[in-house]
Trainee: 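Take a look at this one; I'll ask things after.
Values below: all heavy atoms of this structure, side chains included; hydrogens, waters and symmetry mates excluded.
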Number of protein chains: 2
Amino acid sequence: MSDKKISVVIVEDDAQIREGISALIKSANEFSLKGAFAECHSLLAALDNILPDVFLMDISMPGMTGIECAAKIKSIYPAVNIVMLTVYENDSQIFDSLRAGASGYILKNTPLEQILDAIKDVNAGGAPMTPSIAKRVLGFFNETGQKTIEYNLTLREKEILHELVNGLSYKKIAETLFISIDTVRSHIKNIYYKLHVSSKSGAVAKALKDRIF
Amino acid sequence: MSDKKISVVIVEDDAQIREGISALIKSANEFSLKGAFAECHSLLAALDNILPDVFLMDISMPGMTGIECAAKIKSIYPAVNIVMLTVYENDSQIFDSLRAGASGYILKNTPLEQILDAIKDVNAGGAPMTPSIAKRVLGFFNETGQKTIEYNLTLREKEILHELVNGLSYKKIAETLFISIDTVRSHIKNIYYKLHVSSKSGAVAKALKDRIF
DNA sequence: ATGACAATCACATAAATATGTGATTTTTAT
DNA sequence: ATAAAAATCACATATTTATGTGATTGTCAT
């Protein structure tokens, strides 16, 4: 299907792993190895000359972490694909890596053939990750997505809170909802009581932070 | 490794696919099929009796979508695993599914053996998804992470805006930052000008919506 | 039928906020 | 060195908010 080899650069401080994977890539005729580095600085210095299709990047390395390095590479060449390679599945490492622009995240104990699959996946525009990593990512989703705390606001109160979030004054809200300003006041008093706040901005902050909408 | 079969229920309106996968599961001796449904209502009615380890859930079905159905199941049995099965990789479907509590998301054109792998993965606590789906999920990460609109607020202005978001009054801000209330006023005037708002709550809303922090 | 709740309105007042018009002192960049 | 930007403070005043204390009218479930 593919007409040319996928070029790879590996950055990994552990010589054994680095050379193992290097040998693997050299022996597979779908891939070509463009470089193998033990730390980030020498890679960055040589970057312009050896830019590959895909990076395999270790996370914990002396000097500069793979995450920082990935961010640097991405800032210069946004289109390259970077697969992080690590021993730990640690939430903050995963998220920092993803934020740095990594497109894949696999564990070092992954079978070698699957590492090659991951390189192919990422080169095809996919985002390879082990199911356990994916689980962490999804967990993040649910946390932030579900946090819809219920404050037992009535329908009308939610409407009014919504207008507060939109930045309307009491007067404008009264006009919009065709009620008197005193009614607006009354509702807002109750909203404050239920949300445990005592100012418009406090209510707005709570509404947005707790995703009442 | 596993001491008993993984029980599965499939919900899929297309008879051909439903029966194909049913046959596959019945023939594999690591799995047992606890039920196959063509739509959600009959499944929900029977749910208490046939609760499986893993659901395979089609998304587009007449009556109730698989996403709504997944949310219902999760609200009753939060621990069950649900793998969504679909023909489309559509951003909103993916995210709605994940929010509904799905732990996996695979395409119907996935090879049958990989569907079985996905069931095993999800049962083992993983989150199987194809690399292309994973890519979408990651894309979401970068979007929300990067959307830091810049309003050219100065350091001090950001500090003060931050205190506004925390719900402090002018007076409290003045005390917290050891400056006079008139200075606070002055900064807030400038913040309003830069954010194009004219009230505390408007500023707070903008700060949170545009993720200034 | 009746008590609980939701939604509406009124009046009063203290406190906080929004806005204008200045001015002085540091910092920062050219 | 010097102009621009950032941070500080002051005073005045109109508007808006926050809060309390009521009251009336529906709706809804027991």
Side-chain angles (χ1 to χ4, degrees), chain A residues 72 75-76 147-213, chain B residues 72 75-76 147-213:
Chain A
K72 278 230 166 64
S75 72
I76 308 172
K147 218 184 230 168
T148 312
I149 298 168
E150 198 48 69
Y151 288 97
N152 295 315
L153 294 179
T154 69
L155 241 173
R156 202 53 157 170
E157 286 164 358
K158 279 183 191 169
E159 274 178 41
I160 287 176
L161 180 53
H162 196 252
E163 300 303 346
L164 286 185
V165 170
N166 287 339
L168 301 202
S169 65
Y170 288 19
K171 207 204 246 181
K172 283 282 174 201
I173 294 175
E175 286 169 17
T176 304
L177 300 182
F178 305 105
I179 54 180
S180 92
I181 196 170
D182 275 307
T183 305
V184 175
R185 275 192 236 281
S186 171
H187 284 305
I188 288 179
K189 248 181 287 188
N190 295 328
I191 292 170
Y192 288 0
Y193 176 75
K194 289 181 180 177
L195 298 193
H196 304 295
V197 299
S198 57
S199 71
K200 243 172 65 159
S201 51
V204 168
K206 200 141 207 171
L208 289 170
K209 284 179 183 170
D210 292 352
R211 295 190 180 70
I212 290 182
F213 304 112
Chain B
K72 279 230 167 63
S75 71
I76 308 172
K147 215 185 233 170
T148 311
I149 297 170
E150 198 48 69
Y151 288 96
N152 295 316
L153 294 180
T154 68
L155 241 172
R156 201 54 156 169
E157 285 163 358
K158 279 185 192 169
E159 273 179 42
I160 287 176
L161 181 53
H162 196 252
E163 299 303 345
L164 286 185
V165 170
N166 286 339
L168 300 203
S169 66
Y170 288 20
K171 206 205 245 181
K172 282 283 174 200
I173 294 174
E175 285 170 16
T176 304
L177 301 182
F178 304 106
I179 54 181
S180 91
I181 196 169
D182 274 307
T183 304
V184 175
R185 274 192 236 282
S186 172
H187 283 305
I188 287 179
K189 249 182 285 190
N190 295 328
I191 291 170
Y192 287 179
Y193 176 76
K194 289 182 181 178
L195 298 193
H196 306 295
V197 298
S198 57
S199 71
K200 244 173 64 158
S201 51
V204 168
K206 200 142 207 169
L208 288 171
K209 284 180 183 169
D210 293 351
R211 296 187 181 72
I212 291 182
F213 304 110

Trainee: If you only use heavy atoms from C-beta on, which nucleotide in dT19(C), dA18(D), dT21(D) is closest to the side chain of Lys189(A)?
Mentor: dT21(D)
Trainee: Can you give me the closest heavy-atom contact between Lys206(B) and Val197(B), atom names plus distance?
Mentor: CD-CG1, 4.0 Å
Trainee: Which atom names give the shortest non-hydrogen contact between Ala205(A) and Leu208(B), and what distance separates them?
Mentor: CA-CD1, 3.6 Å
Trainee: Are Lys158(B) and Leu161(B) side-chain neighbours, meaning at least one heavy-atom pair lies under 4.5 Å?
Mentor: no
Trainee: Rounded off to whole Å, could you give me the CZ-to-P distance for the Arg185(B) and dC9(D) pair?
Mentor: 13 Å
Trainee: With the side chain counted from C-beta on, respond yes when Leu195(B) and Asp210(B) share a heavy-atom pair under 4.5 Å apart, and no when they do not.
Mentor: no
Trainee: With Leu177(A), which residues qualify under side chain to side chain contact (heavy atoms under 4.5 Å, CB included), at least two apart?
Mentor: Arg156(A), Glu159(A), Ile160(A), Ile173(A), Ile179(A)
Trainee: Rounding to an integer number of Å, can you tell me how far Tyr193(B) OH sits from dA7(D) P?
Mentor: 17 Å
Trainee: Mind checking what makes side chain to side chain contact (heavy atoms under 4.5 Å, CB included) contact with Ser169(B), not counting sequence neighbours?
Mentor: Lys171(B), Lys172(B)
Trainee: Per the end-axis method with five pairs at each terminus, what is the bend angle of the helix from dA1(C)-dT30(D) to dT30(C)-dA1(D), to 10°?
Mentor: 60°
Trainee: Rounding to an integer number of Å, can you tell me how far Leu153(B) CG sits from dA7(D) P?
Mentor: 10 Å
Trainee: Please report, rounded to the nearest Å, how far the C1' atom of dC9(D) is from the CD1 atom of Ile188(B).
Mentor: 15 Å
Trainee: For Tyr192(A) and dT19(D), is the shortest distance between a side-chain N/O and OP1 or OP2 below 4.0 Å?
Mentor: no
Trainee: Using the side-chain hydrogen bond (donor to acceptor under 3.5 Å, both in side chains) rule, collect all pairs that involve residues 187-196 of chain B, keeping only residues at least two apart or in two chains.
Mentor: Glu157(B)-Lys194(B)
Trainee: Can you check the Asn190(B) CG to dG22(C) P distance for me, whole Å?
Mentor: 16 Å
Trainee: Expressed as a whole number of angstroms, how long is the span from Lys171(B):NZ to dA14(C):P?
Mentor: 15 Å
Trainee: Polar-atom pairs under 3.5 Å, protein N or O versus N or O of nucleotides 4-6 of chain D: list them with distances, or write none.
Mentor:
none

Trainee: Looking at DNA chain C, which of residues 172-183 of chain A put a heavy atom within less than 4.0 Å of it?
Mentor: Ile179(A), Ser180(A), Asp182(A), Thr183(A)
Trainee: With sequence neighbours left out, which residue pairs that include part of residues 173-184 of chain A fulfil the side-chain hydrogen bond (donor to acceptor under 3.5 Å, both in side chains) condition?
Mentor: Ser180(A)-Thr183(A), Asp182(A)-Arg185(A)
Trainee: Once each nucleotide of nucleotides 23-30 of chain D is scored for protein heavy atoms under 4.0 Å, what B/S/- sequence comes out, 5' to 3'?
Mentor: --------
Trainee: Taking all non-hydrogen atoms of both residues into account, name the closest pair between Lys200(B) and Leu168(B) and its distance.
Mentor: NZ-O, 3.4 Å
Trainee: Starting at CG of Asn166(A), measure out to OG of Ser201(B) and round the result to the nearest 0.5 Å.
Mentor: 10.5 Å
Trainee: For dA18(D) and Tyr170(A) - does any side-chain N or O of the residue sit under 4.0 Å from the phosphate oxygens OP1/OP2?
Mentor: yes
Trainee: Got a second to check how far Thr154(A)'s OG1 is from Ile191(A)'s CD1, nearest 0.5 Å?
Mentor: 7.5 Å
